[in-house]
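Working notes, structure below.
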Amino acid sequence: MPELPEVETIKQELFDKILGKKINFLEIFTPELIKNISLGDFKKYIAGEEIKDILRRGKYLILKLKKASLIIHFRMTGKLIFAKNKLPPSKSTHLIFYFEGGDQLIYQDLRKFGEFKLSFKEDFSDILGIKKLGIEPLSKEFRLETFKALLKSKNANLKLFLIDQTKIAGIGNLYACEILFKAKIHPQRKTLSLKEGEIQALYQAIKEILKKAIFYKGSSLRDEQYQTLGGKLGGFQKHHQVYAKAGENCPRCKSIIQKIILGQRGTYFCPNCQE
DNA sequence: CTGCGGTCCTGAAGGC
DNA sequence: TGCCTTCAGGACCGCA
């Protein structure tokens with residue numbers, strides 16, 4: 001599931017490949033993935049235009065064009081592949097951008113949950129999902145005091161707080177589990193119950209886990225099929241401590257890692273060293 | 001306003 | 001071996 005580190009990796013790789021390049025035309029095989037605009041208009045604003053800039057906001061990838069910005073959300077199984085030559089046809093190929101010089105950017109998505117939208121505002125505020133996003137956890141603005149204020153805004157279950165995109169942008173189920181493990185905090189704790197030391201540990205864990213995951217180019221799990229643009233797997237899954245490891249020994253204390261369901265999502269933690 | 005659960009989707013994996 | 005059921009989950013939507 002492309003979360004902040006995976007989308008950031010894709011963004012950085014796209015910089016080298018397509019920044020300043022012109023999209024000659026595009027093929028759309030699955031029109032229902034285009035959400036907020038007609039197919040004709042979607043093509044009209046993209047074909048013939050140059051990639052002016054590439055941004056990430058939360059889990060959204062943003063390609064700035066001349067008159068519009070292309071907004072991509074990968075959901076669980078969406079991925080982009082950069083190719084010099086035509087790839088063999090695939091059931092999960094839904095969209096192909098053809099660049100000048102023959103390069104292709106191919107969007108594949110097994111479950112077809114991904115979304116393509118066009119934004120016509122400089123701050124993307126016409127895209128509701130982006131407008132509602134909370135703070136970027138790797139930005140300068142994400143200070144300890146800011147984080148404390150966010151925690152105080154509601155007495156929420158901590159795991160649900162971390163994946164709430166309107167509070168902090170970009171953390172999904174996987175990284176929430178890893179962050180809570182690093183901070184040694186139980187996922188069912190309430191935001192208002194955290195002590196000063198725990199708040200600091202959590203704040204540090206958010207930044208460290210996300211940065212480390214970006215360093216390793218994201219996490220590739222079998223089910224999600226995330227891969228970097230060049231078709232390589234990310235490397236952070238080798239450093240996962242708890243996610244999808246129910247029944248295995250905790251790497252810290254050797255207790256058995258448990259799985260519970262919170263907010264309809266699998267939540268993995270060590271019942272002994274996460275308090 | 002809040003919180004909960006349903007919805008979308010499809011291949012893999014598990015059970016009998 | 002083969003068929004059927006269950007599972008994975010981000011964001012959105014509707015309802016109580």
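Naming convention: chains lettered A, B, ... in sequence-line order (proteins, then strands); numbering from 1 in each chain.
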Polar contact flag, side-chain donor to acceptor under 3.5 angstrom, A:Thr77-A:Asp109: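 Side chains of A:Thr77 and A:Asp109: pair found under 3.5 Å.
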
Between A:Tyr268 and A:Gln258, a side-chain donor and acceptor under 3.5 Å: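 Absent: no donor and acceptor within the cut-off.
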
Closest-nucleotide 5' rank along DNA chain B - winner of A:Glu32 and A:Asn155: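 This one resolves to A:Asn155.
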
Rounded to whole Å, how long is the line connecting atom [atom1] of [X] with atom [atom2] of [N]?
X        : N      : atom1 : atom2 : value
A:Asn157 : B:dT2  : CG    : P     : 16 Å
A:Leu221 : C:dA8  : CG    : P     : 13 Å
A:Leu262 : C:dA8  : CG    : P     : 13 Å
A:Lys167 : B:dG3  : NZ    : P     : 9 Å
A:Lys190 : B:dT2  : NZ    : C1'   : 13 Å
A:Ile260 : C:dA8  : CD1   : P     : 13 Å
A:Leu160 : B:dT2  : CG    : P     : 15 Å
A:Asp109 : B:dG11 : CG    : P     : 12 Å

A:Phe74 ring center near A:Tyr60 ring center (under 6.0 Å):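 No, the ring of A:Phe74 stays outside the 6.0 Å limit from the ring of A:Tyr60, centre to centre.
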
Salt-bridge contact A:Glu50-A:Lys22 (side-chain N to carboxylate O under 4.0 Å):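 Here A:Glu50 does not pair with A:Lys22 in a salt bridge, since their nearest N and O are not under 4.0 Å apart.
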
Contact under 4.0 Å: A:Lys112 side-chain N or O vs B:dT10 OP1/OP2: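 Yes, within the criterion.
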
Value rounded to 0.5 Å, distance of CG in A:Leu63 from NZ in A:Lys11: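 So the gap between those two atoms works out to 11.5 Å.
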
Atom pair CG/CZ of A:Leu210 and A:Phe236 - distance to nearest 0.5 Å: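 The CG atom of A:Leu210 sits 8.5 Å away from the CZ atom of A:Phe236.
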
Identify all pairs in which a protein N or O lies below 3.5 Å from an N or O of nucleotides 10-13 of chain C, and state each distance.
{"unit_1": "C:dG10", "atom_1": "OP2", "unit_2": "A:Arg265", "atom_2": "NE", "d": "2.5"}
{"unit_1": "C:dG10", "atom_1": "N3", "unit_2": "A:Arg75", "atom_2": "NE", "d": "3.2"}
{"unit_1": "C:dA11", "atom_1": "OP1", "unit_2": "A:His73", "atom_2": "NE2", "d": "2.8"}
{"unit_1": "C:dA11", "atom_1": "OP2", "unit_2": "A:Lys59", "atom_2": "NZ", "d": "3.3"}
{"unit_1": "C:dA11", "atom_1": "O4'", "unit_2": "A:Arg75", "atom_2": "NH2", "d": "3.3"}

